[in-house]
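This report concerns only the one structure given below.
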Amino acid sequence: MPEIPKTYEPQKYEDKIYALWEKSGFFNPDNLKLPKNAKAYSIVLPPPNITDKLHLGHSSMLAIEDLLIRFHRMKGYRALWIPGTDHAAIATQNVVEKKLLKEKNITRHDLGRDKFLKEVWKFLRVTQKTILNQTRKMGASLDWSREAFTLDDERQKAVTRMFVEMHEAGAIYRGERIVNWCPRCKSTLADDEVEYKEQKTKLYTFRYWKNFPISISTTRPETKLGDTAVAVNPKDARYKKYIGQEFEGFFCGIALKIKIISDRNVDANFGTGALGVTPAHSMIDWKMAEDNKLEKVKVIDEDGNIKKDFGEFSGKTALRTRELVVSRLKEDSLIEKEDDIENNLSVCYRCATTIEPLPSKQWFVNVNKPLKKLGNKSLKDKAIEVVKKKKIEFIPFRFTKSYLDWMNNLHDWCISRQIWFGHKIPVWYKSKDIYVGEIAPKGKGWKQDPDSLDTWFSSGMWTFSTLGWHSFAKASAGKSDRIIKTGDLARFHPMQVLETGYDILTLWVSRMILMSSFAMKEIPFEKVYLHGLVLDKFGKKMSKSKGNGIDPLDMISIYGADAVRMAILLGSTPGNDVRISEEKIESFRNYVTKIWNIYRYSAMAYADFNFIEKINKKDIKSLADRWIVSNLNNVSGEITKDLENYRFSMAGEKLQKFVWNDFADWYLEINKAEKNSKILGYVLDKILKLSHPFAPFVTEKIWQDFFQGRKILMVEKWPVADNDLLDKKAKLEFDNLKQVVTKIRNIRTSYHIDPGKTIQVFAKKIENKEILEKMARIKIEIVLKSSAKGIAIVGKNIKLTLAISDLIDVEKEKARLEKEITNFDGLITKIEALFKNSNFVKSAPKEVIVANKVKLKEYQEKLKIQRELLKNCIY
RNA sequence: GGAUCCUUAGCUCAAUGGCUAGAGCACCUCGUUUACACCGAGGGGGUUAUAGGUUCGAGUCCUAUAGGGUCCACCA
């Protein structure tokens with residue numbers, strides 16, 4: 001056996017190991033040697049934006065998903081994990097625009113659409129490779145042969161087809177309504193892309209003209225040029241008499257016709273209790289105008305300036321107009337009050353420009369319309385139904401409520417965006433004709449819609465567009481309503497789990513459910529695992545823009561990917577934010593080194609060292625052997641259960657405790673005395689396999705070191721706990737032994753007794769004398785009496801004499817046992833009562849009865865052993 | 001206004017209603033025994049935010065209070 005270095009240096013091996021895995025072909029489930037009926041386990045990677053660099057948020061997602069995939073692959077599932085990237089239309093366009101401005105001082109309008117798009121593609125080809133290469137550094141076992149991009153040919157075809165199919169089914173329509181318009185991005189924003197910023201502003205209270213009967217309050221006087229009504233609360237006694245009346249006059253020189261209407265959304269206590277209705281520039285006013293059939297006068301244009309026909313104000317910016325209107329009102333002494341108030345300003349989430357609500361022609365997904373295709377249910381109904389019927393489960397469960405709340409309040413989804421980069425809308429116009437289809441209509445004069453689709457439209461299709469949905473949809477077009485899936489779609493859809501951050505639950509997850517309900521008539525995934533956000537050690541959100549984060553690539557190069565993965569996976573729980581610090585990563589690097597050194601010792605200490613899959617009972621020789629083997633099989637069963645139930649942190653902690661505290665600190669030391677290489681090989685075999693999903697690199701490196709390429713750990717079988725090897729008594733006995741060893745050690749050090757000296761111990765009997773001596777590093781002479789306490793005499797060449805009762809706190813043990821017995825009796829009484837009650841047996845779910853019976857049995861067994869041990873060893 | 005999460009050791013976090021509330025880091029003492037100083041042994045440090053309740057048994061479930069975070073709606 002060649003010399004093995006003292007420490008494991010991840011930098012040296014990680015890339016090579018990743019290359020070995022990739023070369024093996026086993027990332028692709030088609031290459032796994034599996035029985036035909038092997039179950040599928042599929043995950044699709046939430047596609048990172050092409051403009052992203054790997055940050056800890058990605059690392060977290062990759063660590064969790066790779067853990068799931070490796071675990072299931074080893075368990076014999078047809079494990080598929082699909083990589084890909086998102087074109088992130090608006091974000092990418094913004095980045096390229098900024099870049100062009102900075103480097104060449106030009107705008108996209110200077111370049112023109114085609115040249116600009118060429119620039120975007122040139123840019124994204126580079127960044128796309130970067131982010132995907134960085135995912136490799138985390139050890140992600142993604143099937144690269146199925147790599148996808150939301151804007152590649154296959155996905156473009158799928159998106160186009162989806163739009164056409166939805167349009168044909170009546171689920172997409174074109175309509176005018178108030179949208180959130182960003183005058184800088186020149187694009188609409190979805191409701192959840194709008195951010196709110198608190199600001200101080202003035203609330204003006206004034207009348208339109210002198211003899212107008214009601215004064216109104218507003219923070220935006222400039223929009224009042226387009227008012228067509230004043231709304232009051234129907235219950236407001238002050239204004240009741242005016243409801244229904246119409247007034248005409250001039251406001252700042254502009255002729256207005258104002259109708260007094262009532263609406264229960266008006267708050268009688270705000271301002272004057274009367275609201276000037278500007279239909280074209282406020283969502284809520286638009287609705288009132290529809291209800292009351294009012295005229296909708298547009299005041300502000302797409303650049304954020306006042307339109308023509310508004311006299312002196314035309315062409316001026318909205319802000320400037322506000323100043324002008326206010327001073328004009330002051331001149332005419334129409335202003336009654338100016339109050340300082342705080343309100344929320346809507347701003348663009350990309351560029352923080354103030355949002356201008358504007359009416360505009362847009363394409364919408366109708367979420368409320370009953371669709372024939374969905375059995376006369378609406379998309380919204382369907383998306384609610386699948387969650388209510390528990391076809392889709394959220395982890396943690398509480399997000400079910402967030403999802404349902406959001407879905408219940410869902411409005412039609414505006415899917416057109418006024419940007420150049422993205423999926424083109426498959427709609428063509430010729431004068432008043434509109435054509436919707438996958439390819440351009442024949443004939444001259446047709447012009448394609450200049451807008452692009454919302455990026456969530458394409459990522460909403462991600463679970464099936466990545467599995468070849470386009471060709472499937474094409475093939476099944478016109479055929480009956482029954483969907484017969486083929487190929488990858490048949491094998492891998494719906495996926496088993498979607499793993500993503502809770503911050504995009506509504507943005508993305510909900511849309512995937514909508515889209516899959518329509519296209520596939522099935523759920524996109526069975527479970528949604530939502531991880532928390534990764535925060536820095538001050539509890540701030542790490543983000544690419546703030547630059548306050550720990551760079552995972554730096555951490556990987558210093559401490560290794562395994563340490564980074566474990567720091568993310570352990571000590572965190574689903575849906576809760578996790579703070580990562582360098583210290584935490586460092587401590588897991590130490591753990592990785594520990595695993596390495598366990599192997600180093602084993603391989604160096606035994607010439608015949610081998611990894612052993614199974615052992616016989618006759619290989620188990622000592623108490624320590626019984627204990628470690630039993631403990632291993634117990635813990636491996638628990639770890640498996642925890643992983644199956646998405647309790648990664650719990651699984652990892654149990655594993656770490658077993659490896660470090662039990663195996664390395666205790667068993668290995670004893671093994672040096674007992675020399676049982678079989679048990680060592682057996683336990684280490686399991687440790688490597690159980691650790692592999694958490695720390696794939698170091699475990700594989702050890703495996704390769706030993707097998708020299710003859711086997712790959714990544715595709716080894718997951719260990720199944722062997723219940724025959726469980727030995728509960730061994731654990732209790734060994735715990736006792738550990739206590740005694742510890743006490744003797746403490747006494748030895750506190751009396752400064754040199755190692756190798758002898759002490760006498762009074763006891764009826766002491767088992768495992770040799771282990772005791774080895775571990776406590778002192779010679780022990782057993783005095784077979786159980787009389788009085790021994791006397792401790794300290795001095796040179798003098799023996800220390802102890803009674804075993806000095807070594808274990810008998811009173812404490814007794815008290816503990818008594819308390820447990822009391823509780824236990826209560827439990828027995830309760831359970832017996834439950835079983836006597838025939839109603840309970842009938843009504844209670846089977847699991848409850850079984851669980852209670854198991855509990856009862858376990859308690860009985862444990863207490864029996866404890867009582868026995870206390871009798872034998874202590875008294 | 002609605003929803004939701006959190007409050008546990010000095011710090012960061014765990015703990016399927018069940019055994020002595022656990023880890024890591026930090027701190028103190030001891031230790032270099034051929035796997036490992038990226039180490040080992042031990043120790044100190046907790047009224048689990050507060051007050052009630054349910055239970056044989058509560059950090060965990062219920063009610064209320066206080067403080068902190070997040071999301072949604074509204075913001076004339």
Side-chain angles (χ1 to χ4, degrees), chain A residues 4 6-8 191-192 196 198 203 216-220 223-224 231 265-267 270-278 282 284-285 341-346 396 398-399 401-402 405-406 409 502-503 505-506 533 537 539 559 563 567 570-573 575-581 583-584 586-605 641-642 645 647 649-650 653 656-657 661 664-665 668-669 672 741-742 745-746 749-750 752 755 774-777 812-813 815-817 819-820 822-831 851 855 858-859 862-863 866:
Chain A
I4 299 167
K6 268 187 164 185
T7 50
Y8 165 74
D191 288 347
D192 31 37
Y196 296 94
E198 231 175 61
L203 180 72
I216 56 161
S217 302
T218 185
T219 54
R220 298 201 59 192
T223 63
K224 301 290 109 183
N265 287 320
V266 178
D267 178 359
F270 187 90
T272 60
L275 160 69
V277 179
T278 319
S282 154
I284 192 160
D285 294 8
I341 62 159
E342 279 187 15
N343 73 347
N344 283 330
L345 183 68
S346 316
R398 65 169 189 273
F399 285 103
K401 206 168 154 36
S402 322
D405 280 351
W406 191 82
N409 295 317
Y502 66 77
D503 52 331
L505 173 68
T506 51
L533 306 179
K537 62 177 165 186
Y559 301 108
L570 274 74
S572 67
T573 42
N576 290 330
D577 296 344
V578 56
R579 292 187 196 192
I580 300 282
S581 60
E583 291 81 21
K584 195 171 174 186
E586 193 181 353
S587 79
F588 284 105
R589 186 268 321 260
N590 296 350
Y591 173 66
V592 166
T593 308
K594 196 69 178 177
I595 297 179
W596 179 256
N597 272 297
I598 290 172
Y599 166 68
R600 180 167 187 261
Y601 164 76
S602 310
M604 282 175 24
K641 252 190 219 157
D642 285 338
N645 291 300
R647 295 191 294 258
S649 178
M650 187 63 94
E653 273 172 38
Q656 191 186 8
K657 189 178 178 313
N661 300 65
D665 290 347
L668 230 51
E669 292 306 319
K672 285 177 188 170
V741 168
T742 305
R745 264 177 182 163
N746 283 349
T749 47
S750 58
H752 303 288
K774 167 80 186 162
M775 298 300 290
R777 298 182 60 222
K812 213 172 151 189
E813 287 292 310
R816 206 183 84 207
L817 198 60
K819 192 181 152 198
E820 265 185 59
T822 315
N823 279 344
F824 173 66
D825 289 342
L827 184 71
I828 290 180
T829 317
K830 189 181 173 182
I831 290 177
K855 263 187 190 173
E858 274 179 6
Y859 255 87
K862 200 191 77 192
L863 288 175
Q866 269 193 350

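Only a predicted model underlies this, so the values are computations on that prediction, with no experimental measurement involved. Just so it is clear: chains get the letters A, B, ... in the order the sequence lines come, proteins before strands, and each one is counted from 1.
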Separation between the [atom1] atoms of [N] and [M], rounded to whole Å:
N      : M      : atom1 : result
B:rC62 : B:rU16 : P     : 15 Å
B:rG44 : B:rG10 : P     : 14 Å
B:rA49 : B:rG69 : C1'   : 16 Å
B:rC30 : B:rA37 : C1'   : 15 Å
B:rC13 : B:rA76 : P     : 37 Å
B:rC56 : B:rA9  : C1'   : 30 Å
B:rG59 : B:rG22 : P     : 13 Å
B:rU34 : B:rU20 : P     : 39 Å

Pairs under 3.5 Å (N/O, protein and nucleotides 3-11 of chain B):
none

Is there a donor and acceptor pair, one atom on the side chain of [X] and one on the base of [N], closer than 3.5 Å?
X      : N      : answer
A:K6   : B:rC36 : no
A:R600 : B:rC36 : no
A:E669 : B:rA35 : yes

Let me spell it out: for each of A:S282 and A:A605, pick the nucleotide of RNA chain B with the closest heavy atom. Which residue's pick is nearer the 5' end?
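Upstream on the strand: A:A605.
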| Between B:rG40 atom C1' and A:D665 atom CG, what is the distance in whole Å? |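 The distance from CG of A:D665 to C1' of B:rG40 comes to 7 Å, rounded to the nearest Å.
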According to side chain to side chain donor-acceptor pair (under 3.5 Å), who are the partners of [X], at least two apart in sequence or on a separate chain?
X      : answer
A:Y502 : A:D577
A:K657 : none
A:S402 : none
A:Y601 : none

With sequence neighbours left out, write down each residue that passes side chain to side chain contact (heavy atoms under 4.5 Å, CB included) with [X], or none if nothing qualifies.
X      : result
A:K594 : A:W660, A:A664, A:D665
A:R647 : A:D642, A:N645, A:M650
A:N576 : A:R398, A:T573
A:S602 : A:I598, A:F609, A:L680, A:L684

| said: Stem list for RNA chain B, please, built from Watson-Crick and G-U wobble pairs under 3.5 Å and keeping only runs of at least 3. | reply: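 In RNA chain B, stems of three or more pairs: B:1-7 with B:66-72, B:10-13 with B:22-25, B:27-31 with B:39-43, B:49-53 with B:61-65.
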Exercise for the section: Classify the nucleic acid contact of A:E586 as base, sugar-phosphate or nothing, counting any heavy atom under 4.0 Å across all strands shown. Expected result: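 Nothing: the residue A:E586, judged by heavy atoms under 4.0 Å, touches no strand.
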Listed pairs, N/O of protein and of nucleotides 43-46 of chain B, under 3.5 Å:
none

Which atoms of nucleotides 22-31 of chain B (N or O only) lie under 3.5 Å from a protein N or O atom, and what are those distances?
{"residue": "B:rG24", "atom": "O2'", "partner": "A:S587", "partner atom": "OG", "Å": "3.3"}

